[in-house]
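Step one of this worksheet: look at the structure below.
Here, residue 1 is the first one in the sequence, and each next residue gets the next number.
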Amino acid sequence: QVQLVESGGGLVQPGGSLRLSCAASGSIFSINAMGWYRQAPGEQRELVAVITRGGITNYADSVKGRFTISRDNAKNTVYLQMDSLKPEDTADYSCYANVVVTTTRAALRYWGQGTQVTVSS
């Protein structure tokens, strides 16, 4: 089994910053892409950012220039640095990892538990 544990959410004022972390552990042979989704109440889930194992990144237009995704392959961890936060960034943020599991070498997607980010004054 593989587990993803997120941390770093919370309440921040507009213009502030937060850093989310997501650490994968368990029967991991390797991890391909990792990324973050978010979902606000009453809204569709949105892909925020994704990063390949080699470090190629892609962002939603709504966060380009404000958010930065990075990863530490040695620690099986992905980060999301969020700067210049806006109230419309308020959402539940979930990480994912496309994991090649040790036992079967199957490639499966695993999800974190979600962490709430609230941007409000």
Side-chain angles (χ1 to χ4, degrees):
Q1 281 289 359
V2 175
Q3 300 81 37
L4 271 63
V5 177
E6 301 179 27
S7 60
L11 173 65
V12 64
Q13 291 187 342
S17 297
L18 282 175
R19 188 191 195 210
L20 305 183
S21 299
C22 172
S25 63
S27 301
I28 298 170
F29 178 75
S30 65
I31 301 178
N32 297 323
M34 304 181 82
W36 295 89
Y37 277 84
R38 69 184 180 185
Q39 187 166 23
E43 301 289 334
Q44 287 190 334
R45 189 175 64 173
E46 176 187 26
L47 177 61
V48 177
V50 60
I51 184 168
T52 68
R53 182 171 181 81
I56 298 172
T57 60
N58 198 22
Y59 298 91
D61 287 342
S62 58
V63 306
K64 281 182 182 177
R66 300 188 298 120
F67 290 12
T68 303
I69 189 170
S70 61
R71 63 190 283 176
D72 184 331
N73 290 332
K75 296 181 179 179
N76 290 332
T77 299
V78 63
Y79 306 96
L80 186 67
Q81 176 67 40
M82 304 184 293
D83 299 318
S84 302
L85 282 160
K86 304 175 181 180
E88 50 263 43
D89 294 317
T90 296
D92 184 77
Y93 286 70
S94 296
C95 66
Y96 76 89
N98 293 341
V99 178
V100 178
V101 297
T102 302
T103 50
T104 62
R105 302 296 169 91
L108 302 171
R109 176 166 290 190
Y110 291 88
W111 293 89
Q113 79 277 15
T115 187
Q116 180 66 32
V117 172
T118 302
V119 184
S120 175
S121 55

Less than 4.5 Å apart, side chain to side chain, heavy atoms only: is that true for [X] and [Y]?
X   : Y    : answer
N73 : I31  : no
L20 : F67  : no
T90 : T118 : yes
D89 : R66  : yes
Y79 : T68  : no

Practice problem: Output yes when D61 and K64 qualify as a salt bridge under the 4.0 Å nitrogen-oxygen rule, no when they do not. | Solution: yes
Quiz item: Given N76 and S25, is the side-chain contact (heavy atoms from CB on, under 4.5 Å) satisfied, shown in steps?
Solution: CA-CA 7 Å; N76 290 332; S25 63; over 6 Å; no
Quiz item: Between Y37 and Y96, is the ring centre distance below 6.0 Å?
Solution: yes
Indicate, with yes or no, if [Y] and [X] share a hydrophobic cluster defined by side-chain heavy-atom contacts under 4.5 Å among Ile, Leu, Val, Met, Phe, Trp and Tyr.
X    : Y   : result
V50  : V48 : no
W36  : V12 : yes
L108 : I28 : yes
V100 : I51 : no

[X] versus [Y], closest heavy-atom pair with distance:
X   : Y    : result
S17 : S84  : OG-N, 4.4 Å
G9  : V117 : CA-CG2, 4.3 Å
S62 : E46  : OG-OE2, 3.0 Å
I69 : G35  : CD1-CA, 4.0 Å
L4  : A24  : CD1-CB, 3.8 Å
A91 : A40  : CB-N, 3.9 Å

Roughly how far, to the nearest 0.5 Å, is the [atom2] atom of [Y] from the [atom1] atom of [X]?
X   : Y   : atom1 : atom2 : value
Y59 : L47 : OH    : CG    : 11.5 Å
N98 : R53 : CG    : CZ    : 12.5 Å
R71 : T57 : CZ    : OG1   : 12.0 Å

Practice problem: Could you point out which residue of Q116, R38, Q39 forms a side chain to side chain donor-acceptor pair (under 3.5 Å) with Y93? | Solution: R38
Practice problem: Indicate yes or no for a side-chain donor-acceptor contact from S94 to the backbone of G112 under 3.5 Å, with no hydrogens or angles considered. | Solution: no
Self-check item: Any donor-acceptor pair under 3.5 Å from E6 side chain to C95 backbone
Solution: yes
